[in-house]
Amino acid sequence: MAAAVIARLKPGKGQKEDLCERHKEPLKLFCEDDGETICWVCEKSRDHKSHTVVPIEEAAQEYKVKLQGALGPLRKELQEALALRSKEKKKTTEWQGKVKNKREMIAGEFNKLHTLLREEEQLLLQSLEEEERETLQSLQENVTKLSRQSSSLQQLITEIEDKCQQPVTELLKDVKSTLSRSENVKLQEPEAVSTDLKNVYKISLDMREALERFGVDVTLDPDTAHPDLVLSEDRKRVRRGDRRQDLPDKPERFDKYPIVLGAERFAGGRRYWEVGVGDKTGWELGVCRESVSRKGKVTHTPEDGFWTVRLWDGGYEALTSPPTPLPVSVRPCRVGIFLDYEAGEVLFYNVTDGSRLFTFTGTFSGTLRPYFYPGLNAGGRNAAPLIICPVPAPAGGNLGP
C-alpha cells in the first residue's frame with residue numbers, strides 16, 4: 001500500500017522533474033530541519049550538513065499521513081461549530097416565540113383594563129421590544145461568529161485536501177505551516193446569552209399600579225356574618241371563632257356557611273381591593289350578587305351568583321362549574337380582586353409575585369358585593385384572619401366611575 005502511494009508521488013512519464021535552482025540537480029531530498037526540498041549537492045553543503053535529510057518520497061508520504069490525520073479533528077471541530085450554530089438558531093426561534101407569547105399576554109391583560117391603561121401597555125411593550133432587540137442582536141452575533149469559524153474551518157479542510165493531491169514538491173511546500181495552523185485551531189464557543197425575560201417584575205409592578213387606580217376601601221358587614229365568625233372592631237379582619245355566637249337571625253345573615261360580605265355595594269364601574277391571606281391553609285374570596293341565598297345549602301358558582309377563587313385541600317381553584325384548578329408557582333400572601341362590572345369580569349391577582357390567578361368573564365346584573373370565607377380552623381392551623389389591606393391611592397385619586 002505504502003509503495004503504491006510512493007509510486008504515485010514519483011514523477012510520471014513525460015512529467016518534468018523539479019530541479020534545484022542553485023545546482024540544477026533533481027530535488028530528490030527533503031530537509032526536515034529547514035522544511036524544504038533539496039538536491040544531493042545541497043545535502044553535502046555546509047548549510048545542510050548536520051541536518052536530518054530524507055528522500056522526498058518518504059517525507060511526502062510521512063507528511064501526507066500527518067495531514068490526513070489532521071483532517072479528522074478539523075472535521076470534528078466543523079461539526080461542533082455547525083451544531084452550535086444550529087443550537088443558537090434554535091434559541092433565536094425559541095426566544096422570538098417567548099417574546100411573541102409575552103407580547104400577547106401583555107396586550108390581553110391591558111385590553112381588560114381598557115382605555116385608561118393604554119399608556120402603561122405601550123411603555124411595557126416598548127421595554128419588551130428593546131429587550132428583544134438587544135437579546136436578538138447578541139444571539140445573531142453568536143450565529144455570525146460561528147458561521148465565520150465554520151467557513152474558516154471548511155477553507156482549511158479544503159486547503160489540506162487539495163495539498164494532499166499536489167505533487168510532492170508542492171505538497172511539502174509550507175507543509176509545516178499548514179499543519180501548525182490545523183493544530184492551533186480552537187473553536188471559540190459563543191458567549192452565553194440569557195433568554196429569560198428580564199422585565200417580568202417591572203410588568204408586575206406596573207400592573208399593580210394600574211389596578212390601584214381603582215382602589216376602594218372595603219369593610220365587612222357584620223349583619224351578614226355567620227355566627228361562627230369574629231370580626232375586628234375596624235371591620236377589616238375576619239376569623240373563625242372558637243364557638244358559635246348568639247346573634248339575631250337576620251334575613252341577610254348566612255346561617256350554613258361561615259361567610260361574611262363587604263359593606264360596599266357595586267352596581268357598575270371598576271373596583272379593586274386586596275386581601276391578606278398570609279400562611280392560611282384554606283380561604284375563599286371574590287364577589288357575589290346581593291340577591292344570593294343566605295340560608296341553607298348553596299352552590300358557589302357563577303350560575304348561582306358567586307365569582308370566587310379558593311385555596312382548598314392544598315390546591316388553588318376557581319369555582320367554575322366544574323372547578324378550574326389554578327397553576328400557582330408562588331404562594332400568594334395577598335390577593336387582589338378587580339371588578340369590571342360593565343365588561344363582566346372579575347380578575348384575581350397574586351400580589352406576591354404579580355401574576356394573574358384567574359379571570360371570570362360573563363354578564364353582571366343587579367348589585368354585587370365583596371365576598372369573604374376564612375375557612376375551617378383545622379385544629380388551629382388555619383386560625384389566622386383574612387385581612388382587608390389598604391390599597392395605595394394613586395396621585396390622581398380613584399379613577400373608577
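Quick caveat: nothing in here was measured; it's all calculated off a predicted structure.
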*Asks:* With rounding to the nearest 0.5 angstrom, report the CZ to OG1 distance, R289 to T367.
*Replies:*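 Answer for the CZ-OG1 pair, R289 versus T367, is 11.0 Å.
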*Asks:* Is the number of heavy atoms from other residues, nucleotides or ligands within 6.0 Å of CD (E161) greater than 12?
*Replies:*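 Yes - once you tally the heavy atoms of other residues, nucleotides and ligands closer than 6.0 Å, there are more than 12.
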*Asks:* Are side-chain heavy atoms of L339 and R270 found at a separation under 4.5 Å?
*Replies:*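 Contact flag for L339/R270 side chains = no.
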*Asks:* May I have the step-by-step check of side-chain contact (heavy atoms from CB on, under 4.5 Å) for F372 and L220, ending in yes or no?
*Replies:* CA-CA 9 Å; F372 305 86; L220 302 170; 3.6 Å; yes
*Asks:* I need the single residue from D221, T224, L247 that forms a side chain to side chain contact (heavy atoms under 4.5 Å, CB included) with R253. Which is it?
*Replies:*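 The side chain to side chain contact (heavy atoms under 4.5 Å, CB included) with R253 is passed solely by L247 among D221, T224, L247.
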*Asks:* For the residue pair F338 and Y272, categorise the inter-ring angle as parallel (less than 30°), tilted (30 to 60°) or perpendicular (more than 60°).
*Replies:*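 It falls in the tilted class, 30° to 60°.
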*Asks:* When you compare the side chains of T359 and E345, does any donor N or O come within less than 3.5 Å of an acceptor on the partner?
*Replies:*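 Absent: no donor and acceptor within the cut-off.
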*Asks:* Could you verify whether a donor N or O on one side chain and an acceptor N or O on the other, from T219 and E264, lie under 3.5 Å apart?
*Replies:*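 Checked: T219/E264 side chains pair up, N/O donor to acceptor below 3.5 Å.
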*Asks:* Any side-chain heavy atom of V168 sitting closer than 4.5 Å to one from E57?
*Replies:*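 Side-chain contact under 4.5 Å: no.
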*Asks:* Any side-chain donor paired with an acceptor under 3.5 Å for S180 and N184?
*Replies:*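 Distance-only check passes for S180 and N184.
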*Asks:* Taking the six-membered ring where the residue is Trp, are the ring centres of F266 and F364 under 6.0 Å apart?
*Replies:*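 That pair fails the under 6.0 Å test.
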*Asks:* How about CZ on R244, more than 12 heavy atoms from neighbouring residues, nucleotides or ligands closer than 6.0 Å, or not?
*Replies:*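 Yes, enclosed.
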*Asks:* Please say whether more than 12 non-hydrogen atoms of neighbouring residues, nucleotides or ligands are located less than 6.0 Å from CZ in R381.
*Replies:*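 12 or below, so no.
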*Asks:* Say you draw a straight line from OG of S86 to NZ of K90; how long is it, rounded to the nearest 0.5 Å?
*Replies:*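 Result: 8.0 Å between the selected atoms.
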*Asks:* Around atom CD of E159, are there more than 12 heavy atoms from other residues, nucleotides or ligands closer than 6.0 Å?
*Replies:*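 Yes, CD of E159 has more than 12 neighbouring heavy atoms, counting only those of other groups under 6.0 Å.
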*Asks:* Closest approach of E25 and C39, non-hydrogen atoms and distance?
*Replies:*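 That would be CB-CB, 3.6 Å.
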*Asks:* Indicate whether the side chain of S232 and that of R235 have a donor and an acceptor atom separated by less than 3.5 Å.
*Replies:*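 No donor-acceptor contact under 3.5 Å links the two side chains.
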*Asks:* Pair L285, Y373 - check side-chain contact (heavy atoms from CB on, under 4.5 Å), show working.
*Replies:* CA-CA 6 Å; L285 298 169; Y373 170 77; over 6 Å; no
*Asks:* Is I160 close to L156 at the side-chain level, that is, under 4.5 Å between some pair of heavy atoms?
*Replies:*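 Yes - at least one pair of side-chain heavy atoms lies under 4.5 Å apart.
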*Asks:* Would you name the heavy atoms of V99 and L128 that are closest together and state the gap between them?
*Replies:*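 For V99 versus L128, the nearest heavy atoms are O-CD2, 4.0 Å.
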*Asks:* Charged N to carboxylate O below 4.0 Å: is that the case for E104 and K100?
*Replies:*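 Counted as a salt bridge, because a side-chain N and a carboxylate O are separated by less than 4.0 Å.
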*Asks:* Given side-chain contact (heavy atoms from CB on, under 4.5 Å), test K176 with Y63 step by step and report yes or no.
*Replies:* CA-CA 9 Å; K176 287 193 172 183; Y63 280 105; 3.4 Å; yes
*Asks:* Would you kindly say whether S45 and D47 are connected by a side-chain donor-acceptor distance under 3.5 Å?
*Replies:*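 Absent: no donor and acceptor within the cut-off.
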